[in-house]
Amino acid sequence: MSARAYLASFLIVTTSVFLSTTSHLHTLATAGAFPDDDDIFALDIVSKIRTDRKSTIKASMDFGHIVEAIPNGVLHPTSPNDIATLIRLSLSQPKPFTVAPRGQGHSARGQALAPGGVVVDMRSLNDHHRVVGRCCRMNVSTHELWVDVGGEQLWIDVLHTTLEHGLAPRVWTDYLHITVGGTLSNGGIGGQAFRHGPQISNVHELDVVTGTGEMISCSPDKNSDLFFAALGGLGQFGVITRARIALERALKRVLWVRLAYSDVQSFTSDQELLISKRSAGGSGGFDYIEGQVQLNRTLTEGRRSSSFFSPSELDQLANLAIGTGSAAIYYIEGAMYYHDDTASSTSVKLETLLEELSFVPGHAFVRDVSYVDFLDRVGRDEQKLRSAGVWDVPHPWLNLFVPRSRIVDFDAGVFKSILKDTKPVGLVLMYPMNKDRWDDRMTTATPDEDMFYAVGLLRSAVAAGDLEQLERENAAVLEFCHREGIGCKQYLPSHASRDGWRRHFGEKWSRFAALKRKYDPRAILSPGQGIFSAAGDGLADQAAGDGLILCRGRRCLSRF
């Protein structure tokens, strides 16, 4: 009997605990139970699965600190082939165990967890390459302007590697200490998306390990259905192990600007004007555009610190809120990139642009920083929050895409009503993007309008009772959107029911489900998303909540 067949006859999924099988399988190998050299892969994979409590507990929680789901094991792969072998091992069982890739675990509601299954520690791929003397899995083409990047790589490392060649990716998330595979599985949005689209619109090729255990290279012209499914596909079709990402020439410095508004109409009108200035090279306006909403109570009663504003500027903004009686102060956040030899002309361009806008006079705040410092600004904030003990706390984040036609209604119902008297810790983002920069062949769901707003309620629960209160407010926001027919779509979505997911994907649902049947027919990938289960869609039983033990015939051995 081959090693693969022998191992498959011994492994089934059950409701017991995932027991350590490594030593027993090594004993079997020593005794000659695995005669075929090509089938030793199964034994090798089991030896890379850690089942100790420290490993499984670490993989049972994500950045959100809201959902906990303990896996029965954590795979530490040394190559993408290890991931493929793990998936094939799962599929060889009568009842497969689930598999979830985990980069930095920066999800908020358990999307990167695998209850009772196996979590794949993607960062182990990078650790292995460092051990064998290579920095990382990256390759830069300075001629064709792309970088090949392992899915486990952090965007901050991609930044530093590409800058060595005078290049950089065109689109960034605000926080760079997360993995390439993680953001590409969701979308990857930031202040450059109005010009270049999300990160998933700036990818040339992918390598994906599917839920059938195949390792497939894909692009818009090759295996295109998998390419467009995996980008923004929430990990449902495969594990992204390599991405070829578009680059542009990087500049050295940034004029970083915040402009204050006391009314939402002027704020949104100016944002929409700015994102219409998207000519090549950014000659007509900003290279980066985002926006924030500062609720009145956070300015007048909240923490008096900011990584951007000085104490006197915070006082100035608080006085603006009090003087105008506004429920909120709004900021447009913009950035112009430049080289040292274009500093003067960039300053002139900024002054000209500001003359077109309707911010409150005297409330334009400008900083001159390096390109790296600007892009990694949230990374520096992270260190401060860690020092203050408010980083590893629950993060009941809610991210929405709101149609442009309803953004003022959303502002009135949410910021001037539901959240009017709140004093949350965290950020509230609000900025528009152009729909035509999103490729509709991808699975990400967006509103059906030419322009829509990203609204992020990025709040933290730092005191007793905060989590429950913030969750109630989030529920009220979603109920308001539903009741008023706002037509919002969740970004980094979380839905509690199959009907919720169907509504989320809308017309894309049938294709989404069909691609799931093709590339993960037994529904073992990314169970934490809660999209697919055994019932419905003809998918095989999931193993959520189950564990792995060794059995032979009717006799199951509980310890080895």
Under 4.0 Å between a Lys/Arg side-chain N and an Asp/Glu carboxylate O for [X] and [Y]?
X: Asp411; Y: Lys416; answer: yes
X: Glu468; Y: Arg472; answer: no
X: Glu356; Y: Lys277; answer: yes
X: Asp121; Y: Lys58; answer: no
X: Arg441; Y: Asp439; answer: yes
X: Arg459; Y: Glu473; answer: yes
X: Asp174; Y: Arg377; answer: yes
X: Glu449; Y: Arg404; answer: no

Exactly one of Trp438, Tyr453, Phe401 should register a ring-ring contact (aromatic ring centres under 6.0 Å, His included) with Tyr491. Which one does?
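Only one option passes, and that is Phe401.
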Pick one: which of Tyr261, Phe267, Phe309, Trp256 meets ring-ring contact (aromatic ring centres under 6.0 Å, His included) with Tyr331?
Phe309
Using the salt bridge (charged side-chain N to carboxylate O under 4.0 Å, His left out) rule, take Asp392 and Arg386 through it: C-alpha gap first, then chi angles, then the decisive distance, then the call.
CA-CA 7 Å; Asp392 292 319; Arg386 286 188 182 278; 3.5 Å; yes
Ring-face cation contact, Phe308 with Arg367, 6.0 Å cut, 45° max
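Yes, cation above the ring, under 6.0 Å and within 45°.
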Is the charged tip of Arg244 near the ring of Trp146: under 6.0 Å from the six-membered ring centre and within 45° of its axis?
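Geometry flag: set, cation within 6.0 Å and 45°.
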Rounded to the nearest 0.5 Å, what's the gap from [atom1] on [X] to [atom2] on [Y]? Could you check?
X: Phe410; Y: Ser417; atom1: CZ; atom2: OG; value: 11.5 Å
X: Leu247; Y: Asn202; atom1: CG; atom2: CG; value: 10.0 Å
X: Arg253; Y: Asp373; atom1: CZ; atom2: CG; value: 8.0 Å
X: Leu419; Y: Thr422; atom1: CG; atom2: OG1; value: 4.5 Å
X: Ser201; Y: Arg437; atom1: OG; atom2: CZ; value: 9.5 Å
X: Trp155; Y: His160; atom1: CH2; atom2: NE2; value: 14.0 Å

Does any N or O in the side chain of Asn434 come within less than 3.5 Å of the main-chain N or O of Met451, such that one atom is a donor and the other an acceptor?
no
Considering residues, nucleotides and ligands other than [X], do more than 12 of their heavy atoms fall under 6.0 Å from its [atom1]?
X: Glu507; atom1: CD; result: no
X: Asn319; atom1: CG; result: yes
X: His482; atom1: NE2; result: no

Please report the closest heavy-atom contact between [X] and [Y], naming both atoms and the distance.
X: Pro493; Y: Gln529; result: O-OE1, 4.0 Å
X: Leu163; Y: Ala168; result: CD2-CB, 4.5 Å
X: Gly187; Y: Pro198; result: O-CB, 3.6 Å
X: Leu113; Y: Ser60; result: CD1-O, 3.4 Å
X: Arg123; Y: Glu152; result: NH1-O, 2.8 Å
X: Ser358; Y: Ser266; result: O-CB, 4.2 Å

Taking the six-membered ring for Trp, are [X] and [Y] ring centroids under 6.0 Å apart?
X: Phe374; Y: Trp172; answer: no
X: Phe512; Y: Trp501; answer: no
X: Tyr371; Y: Tyr337; answer: yes

Mind running side-chain hydrogen bond (donor to acceptor under 3.5 Å, both in side chains) on Glu333 and Tyr288 for me, showing each step along the way?
CA-CA 8 Å; Glu333 184 170 41; Tyr288 160 104; 3.2 Å; yes
Is there a side-chain contact between Leu295 and Lys420, using heavy atoms and a 4.5 Å cut-off?
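No, every pair of side-chain atoms sits at 4.5 Å or beyond.
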Side-chain heavy-atom pair Gln271, Ile275 within 4.5 angstrom cut-off
no
I'd like to know whether Arg109 forms a salt bridge (charged side-chain N to carboxylate O under 4.0 Å, His left out) with Glu471, so could you lay out the CA-CA distance, the side-chain angles of the two residues, the decisive distance to 0.1 Å, and finally the verdict.
CA-CA 12 Å; Arg109 298 187 179 274; Glu471 291 283 59; 2.7 Å; yes
State, without any angle test, whether [X] and [Y] hold a side-chain donor-acceptor pair at a distance under 3.5 Å.
X: Ser526; Y: Gln236; value: no
X: Lys435; Y: Thr446; value: yes
X: Asp287; Y: Tyr338; value: no
X: Glu382; Y: Tyr175; value: yes

Quick one: do Phe194 and Tyr431 satisfy side-chain contact (heavy atoms from CB on, under 4.5 Å)? Show the steps, please.
CA-CA 9 Å; Phe194 79 96; Tyr431 60 94; over 6 Å; no
Could you give me the CA-CA distance, side-chain angles and deciding distance for Arg258 and Ile332, then say whether side-chain contact (heavy atoms from CB on, under 4.5 Å) is met?
CA-CA 6 Å; Arg258 287 190 182 176; Ile332 288 180; over 6 Å; no
Consider side-chain hydrogen bond (donor to acceptor under 3.5 Å, both in side chains). Of Thr161, Asn126, Thr179, which one does Gln153 pass it with?
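Considering Thr161, Asn126, Thr179, a side-chain hydrogen bond (donor to acceptor under 3.5 Å, both in side chains) with Gln153 is found only for Asn126.
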Using the side chain to side chain contact (heavy atoms under 4.5 Å, CB included) rule, pick out the option among Leu184, Val203, Val180, Ile240 that qualifies with Val149.
Val180
